[in-house]
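Below is one structure, written out as structure tokens; comments come after it.
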Amino acid sequence: MNKAQSEHILVCIAWPYANSDIHQGNVTGSHLPGDIYARFQRLRGNHVVMVSGSDSHGTPVTVKAEELGRSTLETYEHYHARFLDLFRRLGISYDLFTSTHTENHFRVSQDMFLQLQKNGYLYRKVTPQMYSPEAGQFLPDRYVEGTCPNCGYTGARGDQCDNCNTLFESAAELINPRSKRDNTSLVLRDTEHFFLDLPAIAADSLAEWIHDDKEHWRPQVINFARGFIDGGLIGRAVTRDMDWGIPVPVEGFDNKVLYVWYEAVIGYLSATVEWASNEGDEDAWRDWWQNPDARTLYFIGKDNIPFHTVFWPAQLLGARGLYSDNPHATLNLPTDVPANEFMNMEGRKISGSRNWGVWMLDALDRYDPDPLRYYLTTNMPEARDSDWSWSGFIERNNNELVANWGNLVNRVLSMIGRYFGGIVPEPGALTAADEALLAAIDDGFDDVATFYDGCKFRAAVQEVLRLSTLVNQYLEETSPWATAKKDPAATGRALYVALQAISGLHVLWAPVLPFTSQTVRELLGEDGPLFGESVVRKFHEAARGHLALTYDGAGAAGRWERNIVPAGRHLPAPRPLFTKLEAAVAAEEMARLGVGQ
RNA sequence: UGCGGGGUAGAGCAGAGGCAGCUCGUCGGGCUCAUAACCCGGAGGUCACAGGUUCGAAUCCUGUCCCCGCUACCA
């Protein structure tokens, strides 16, 4: 709208583990809200960079590799490639979706480590950890099993006993600890690690930051973060005994890597740095990380709140001076962390191991991206857990997309085709009702913008749908089909006004429905695409290469405004935007899940 | 155990002291341009439960129950 004041906005989206395919909960929780927000801001003329990537390190990936009988690298590359394919097809328009297994990310993670060390926020500590003599390696607590010292249950996990719910501070409390992997006995062995001095960072800056100007944060996010920090932090290990990951840039730590929780979040920074490099402007990332007016938003699920509201800000604050001549300069902290709750499926928790979920890449083989995006937006778990149901998907598609919006476009364009040979009619002088309708649509550009800008995407959709209904009501009142013979001027005027309303509406829908809004744009005879293009590219570094999803916004012509479709323009033949789904589809999908009916 | 969020018509949600609202479904009517789509009207709720404050409570207070996440070696 106000291009003179266009802002720099960094859209950060949680990094998915490259150990399984992405389901609808992942999409509605982080990728989709981030994409809607990014597209909206691009339409407004803001400078958006939207980043994420595959989290390629960590135990979950190595465990999956063992299951598959592949190397860890192959496993990460397999899922990473599928992520890229999914996001491109679903229209998740990442400026860069890369991975943590790049040389660039290694370097940035190590740089931040060294800066934290330089600033005195890292300390070494020797602790006893579970070690498997059989496998010759340390094991994380979750892969340790033993007898519960409290109730005697022999299947207690390293962190908790499932029988009596006792929580253990360490797996060392277990009697007879053994490896979950090969059932061999484990012993305690001392190992030295670096710890992040969270209490010191909290005292120096973090506690003050979390209490400053956070009233726009969602209550579940800010209350949790404040409680967490005020409750007292303890030091947290940033290295671990493992061979898959980023080497610790310190002598004598040869068999250790940076802990995944520590390095994965650094991806937001390193991906922006990589993006700048890809764009051919090495310093461009600074406009988002060192510019005090830039906004940085983190779209994540609720399980991720502590990492993005406590640990990551602590890392940024602790690494002050990083990539700056000013030793006190801090990279930009989160402006907002609009975390979502969880989406269930047909009343039960989504579960990969029990095949209970909608695997999005699979779903795209049967459904168009916009109906999936639409249903996930209307059911986005913004304030509480929500539920995906196949019957709900079908109802929303048929009753709202097809019947309300798709039908509106189709009926108006069909009438212009039928009564005016596809040429936009001359309106003549507009009536008060005409002006009122267009004013309502124009108001929508403010009202809906407020919803998108505030990450209230469900409310945004509801408001646009209401405006769409308004146009249907207008058609009912003006009944252009009834006046066609005796008063063609009235018919022309009504269709002209309805067409201008559609011209506005398709932009209001565009962040949620980018594909069909593009179709509408073409049906209105507009040149140039609303948005840029997502492209998978291969990048090469010194010793290795990686695939990434990128966004080419050069040709994007969409603007957050109601563009006037001029009288006299010849419109192309209309075609339906959406396909009605049979009720039987729900049963088919349930059968796919193994639910008989 | 502790911390945080949530429990409002059949479904999904909004409302945060003053007649309980929205979308979808449902029932009845209208229209026929449109993918049997569109428009109008009706029915449907002890606002989780129990106390309390108030002239008045979904809304504020107290207690209880239920769901979800976190509880720090799964981001």
Side-chain angles (χ1 to χ4, degrees), chain A residues 14-17 19 55 57-60 63 100 127 129-130 138-144 158-160 165-167 169-171 193 198 218-228 230-231 233-237 240-241 259-265 267 300-308 310-312 339 341-342 344 349 378-379 381-387 389 391-392 395-396 398-400 402-404 406-419 458-459 461-463 465-466 469 471-477 479-482 484 491 495 574 576-580:
Chain A
W15 292 51
Y17 264 132
N19 73 335
D55 185 345
H57 303 138
T59 329
V63 166
T100 57
T127 57
Q129 295 288 318
M130 282 296 163
F138 287 91
L139 286 187
D141 285 356
R142 63 183 303 199
Y143 297 107
V144 176
D159 54 347
Q160 178 179 350
N165 283 328
T166 301
L167 292 173
E169 280 190 23
S170 154
H193 285 291
L198 289 164
R218 293 182 179 172
Q220 66 264 38
V221 178
I222 189 57
N223 289 340
F224 178 89
R226 285 176 177 163
F228 199 97
D230 294 344
L233 300 175
I234 59 175
R236 194 177 159 103
R240 76 189 312 194
D241 295 285
Y259 216 118
V260 184
W261 74 262
Y262 162 84
E263 56 101 339
V265 283
I300 61 167
K302 64 176 163 184
D303 54 327
N304 237 329
I305 291 173
F307 295 95
H308 291 77
V310 181
F311 302 143
W312 174 232
E341 305 292 297
F342 283 164
N344 294 314
K349 222 183 244 198
T378 59
N379 266 6
E382 291 173 358
R384 74 188 79 166
D385 290 355
S386 65
D387 192 54
S389 78
S391 59
E395 283 171 18
R396 292 276 191 180
N398 292 355
N399 299 327
E400 297 175 24
V402 175
N404 191 322
N407 181 54
L408 171 65
V409 173
N410 195 42
R411 70 195 294 209
V412 169
L413 293 177
S414 294
M415 279 190 274
I416 290 176
R418 172 187 293 219
Y419 302 127
R458 304 175 66 130
V461 164
Q462 195 170 314
E463 179 61 11
L465 192 67
R466 188 186 74 79
T469 298
V471 184
N472 276 318
Q473 289 170 336
Y474 169 85
L475 288 174
E476 191 67 20
E477 286 156 20
S479 299
W481 56 88
T491 298
L495 292 178
L577 299 179
F578 306 101
T579 308
K580 193 161 180 175

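Labels below follow one simple rule: chain letters A, B, ... track the order of the sequence lines, proteins then strands, and each chain is numbered from 1. Just so it is clear, the structure is predicted and the values come from calculations on it, not from any experiment.
- Across the interface with RNA chain B, nearest-nucleotide mapping of A/F578 and A/K349 shows A/F578 to be the residue nearer the 5′ end.
- Neither OP1 nor OP2 of B/U35 sits under 4.0 Å from any side-chain N or O of A/N398.
- One interatomic measurement links the two molecules: CG of A/L495 to P of B/C38, which rounds to 18 Å at whole-angstrom precision.
- Rounded to whole Å, the distance from CH2 on A/W481 to P on B/C33 is 8 Å.
- Judged by distance alone with a 3.5 Å cut-off, a donor-acceptor contact links the side chain of A/N407 to the base of B/A34.
- For A/I300 and B/A75, the CD1 to P distance is 14 Å, given to the nearest whole Å.
- Across every non-hydrogen atom of A/R458 and A/N379, the tightest pair is NH1-C, 3.5 Å.
- One atom, OH of A/Y474, and another, P of B/A34, lie 19 Å apart when rounded to the nearest Å.
- A perpendicular orientation is assigned to the rings of A/F307 and A/F311, their planes being inclined by more than 60° (bins at 30° and 60°).
- Listed nucleotides B/A37, B/C70, B/U35 differ in distance to A/A403; the shortest reach to its side chain belongs to B/A37.
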Write out a two-atom table: protein N or O, nucleotide N or O from nucleotides 5-7 of chain B, distance below 3.5 Å.
unit_1: B/G5; atom_1: OP1; unit_2: A/N223; atom_2: ND2; d: 2.6
unit_1: B/G5; atom_1: O2'; unit_2: A/A383; atom_2: O; d: 3.4
unit_1: B/G7; atom_1: OP1; unit_2: A/R384; atom_2: NH2; d: 3.3

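- Within 4.0 Å (heavy atoms only), A/S386 reaches sugar-phosphate atoms of the nucleic acid but no base atom.
- Across the protein-nucleic acid pair, A/F342 atom CZ and B/C67 atom C1' stand 14 Å apart, rounded to whole Å.
- Rounded to a whole Å, the OH atom of A/Y259 is 10 Å from the C1' atom of B/A72.
- The side-chain heavy atoms of A/P16 and A/D55, taken from C-beta on, include no pair separated by under 4.5 Å.
- Distance A/R240 CZ to B/C74 C1': 9 Å, rounded to the nearest Å.
- At a threshold of 4.5 Å between non-hydrogen side-chain atoms, the residues A/W261 and A/R236 count as touching.
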Give me the distances for all protein-to-nucleotides 20-23 of chain B N/O pairs that come in under 3.5 Å?
unit_1: B/C22; atom_1: O2'; unit_2: A/Q462; atom_2: NE2; d: 3.0
unit_1: B/U23; atom_1: O2'; unit_2: A/E400; atom_2: OE2; d: 3.3

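- Side-chain contact check for A/N344 and A/S386: no donor-acceptor pair (N or O, by modelled atom type) lies under 3.5 Å.
- Base pairing in RNA chain B yields stems of at least 3 consecutive Watson-Crick or G-U pairs, both distances under 3.5 Å, namely B:2-7 with B:65-70, B:10-13 with B:21-24, B:26-30 with B:38-42, B:48-52 with B:60-64.
- Here the nucleotide nearest the side chain of A/K580, chosen from B/A36, B/G12, B/A75, is B/A36.
- More than 90° away from 0 lies the glycosidic angle of B/A11, which makes this nucleotide anti.
- At a threshold of 4.0 angstrom between heavy atoms, the contacts of A/W261 are confined to the sugar-phosphate backbone, with no base atom among them.
- Nucleic acid contact for A/R218: none, since no nucleic acid atom lies under 4.0 Å from a heavy atom of the residue.
- Whole-Å rounding puts the A/N304 CG to B/A72 C1' distance at 14 Å.
- Both tests pass for A/K302 against the ring of A/F342: distance under 6.0 Å to the centre and angle within 45° of the axis.
- Among the heavy atoms of the strands, none lies under 4.0 Å from A/A264.
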